[in-house]
Amino acid sequence: QVQLVESGGGLVQAGGSLRLSCAASGRTFSNYNMGWFRQAPGKERAFVAAITWNGGSTNYADSVKGRFTISRDNAKNTMFLQMNTLEPDDTAVYYCATGRTSIMLASSAFYENWGQGTQVTVSS
């Protein structure tokens, strides 16, 4: 199994930026496609972005396209989510997870090895 730990969350004003990190340990990180999800209070966990094992392809939710960038550094066993032009609706707990399939899918059902999450709060 892979153990994942998210970090980098915090409180930021609307229009600001944050960079989330997802550090992996255990099995070979570079074997996995990876994803970021978020869960706001009272809402289901929602897809944010995904990246293939080698970083060659990415996928984004429509709500974050053009504002968020997913990337990874396999040499450091770490994935990132650069979040720019943050909006109050981006407020949520952000989770990273490993993909269970060879293609990037947007449903949390196709991901596993979830981290504990990091809180992002965007004030208006």
Side-chain angles (χ1 to χ4, degrees):
Q1 279 200 346
V2 175
Q3 291 77 45
L4 302 174
V5 178
E6 302 93 338
S7 62
L11 173 64
V12 63
Q13 288 189 330
S17 299
L18 284 173
R19 189 191 196 204
L20 305 185
S21 298
C22 172
S25 61
R27 296 189 67 178
T28 306
F29 174 71
S30 60
N31 286 348
Y32 297 93
N33 294 341
M34 298 290 296
W36 283 102
F37 287 76
R38 65 187 181 185
Q39 188 165 17
K43 295 187 178 181
E44 293 187 352
R45 193 166 295 189
F47 172 74
V48 175
I51 189 168
T52 51
W53 64 274
N54 63 352
S57 186
T58 58
N59 188 23
Y60 295 93
D62 288 343
S63 59
V64 307
K65 278 181 183 176
R67 300 188 298 123
F68 291 10
T69 303
I70 189 171
S71 62
R72 65 191 296 164
D73 184 343
N74 285 345
K76 296 182 178 180
N77 292 338
T78 305
M79 178 177 66
F80 305 98
L81 186 68
Q82 178 66 43
M83 305 187 297
N84 298 329
T85 320
L86 283 161
E87 304 169 352
D89 283 348
D90 295 318
T91 295
V93 178
Y94 283 71
Y95 300 90
C96 61
T98 59
R100 286 200 272 165
T101 65
S102 60
I103 56 176
M104 295 181 293
L105 297 171
S107 170
S108 61
F110 295 101
Y111 291 81
E112 59 187 1
N113 298 316
W114 297 87
Q116 85 289 347
T118 185
Q119 176 71 48
V120 172
T121 303
V122 184
S123 63
S124 58

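Here the structure is a predicted model, which means the values were calculated and not measured.
In this structure, the separation between OG1 on T98 and CG on N113 is 3.5 Å, given to the nearest 0.5 Å. To the nearest 0.5 Å, atom OG of residue S57 and atom CE of residue M104 are 3.5 Å apart. Here CZ of R100 is found 13.5 Å from CG of N33. Values are rounded to the nearest 0.5 Å. Remark: R38 CZ to T118 OG1 distance equals 14.0 Å, nearest 0.5 Å. With values rounded to the nearest 0.5 angstrom, L86 atom CG is found 6.0 Å from S17 atom OG. Atom OG1 of T69 is separated from atom CD1 of I51 by 10.0 Å, given to the nearest 0.5 angstrom.
Proximity of a side-chain donor or acceptor of Y111 to a complementary backbone N or O of L105 within less than 3.5 Å is detected. Side chain of Q116 to backbone of E6: a donor-acceptor contact under 3.5 angstrom is found. At distances below 3.5 Å, at least one donor-acceptor pair connects side-chain atoms of T78 with backbone N or O atoms of K76. Proximity of a side-chain donor or acceptor of Q39 to a complementary backbone N or O of V93 within less than 3.5 Å is not detected. When atom types are taken as modelled, the side chain of S107 and the backbone of A109 share a donor-acceptor pair closer than 3.5 angstrom.
Across every non-hydrogen atom of L11 and S123, the tightest pair is CD1-CB, 4.4 Å. When every heavy atom of A14 is checked against every heavy atom of P88, the shortest pair comes out as CB-CD, 4.1 Å. Here the closest heavy-atom approach between residue N54 and residue N74 is recorded as CA-ND2, 4.3 Å.
By the criterion of side-chain heavy atoms lying less than 4.5 angstrom apart, applied directly or through intervening Ile, Leu, Val, Met, Phe, Trp or Tyr residues, F110 is grouped together with I103 in one hydrophobic cluster. Transitive grouping of hydrophobic side chains (ILVMFWY, heavy atoms separated by less than 4.5 Å) brings V122 and Y60 into a common cluster. Linking ILVMFWY residues whenever their side-chain heavy atoms come closer than 4.5 Å, directly or via other members, places W36 and M83 in the same cluster. Under the 4.5 Å side-chain heavy-atom criterion for grouping Ile, Leu, Val, Met, Phe, Trp and Tyr, F47 is not connected to I70 through any hydrophobic cluster. Under a hydrophobic-cluster definition in which Ile, Leu, Val, Met, Phe, Trp and Tyr are linked whenever side-chain heavy atoms come within less than 4.5 Å, directly or via other members, V2 and L20 are assigned to the same cluster.
The 12-atom threshold is exceeded at CH2 of W114, counting heavy atoms of other residues, nucleotides or ligands nearer than 6.0 Å. Residue Q13 qualifies as open at atom CD: its count of foreign heavy atoms under 6.0 Å is 12 or below.
Separation of the Y95 and F37 ring centroids does not fall under the 6.0 Å cut-off.
Looking only at side-chain heavy atoms (C-beta outward), D90 and R67 come within less than 4.5 Å of each other. At a threshold of 4.5 Å between non-hydrogen side-chain atoms, the residues R19 and L81 do not count as touching. For the pair S21 and M79, the minimum side-chain heavy-atom distance is 4.5 Å or more.
Geometrically, R72 engages F29 in a cation-pi contact defined by less than 6.0 Å to the ring centre and at most 45° from the axis.
Classified by interplanar angle (parallel below 30°, tilted 30° to 60°, perpendicular above 60°), the ring pair F68/Y94 is tilted.
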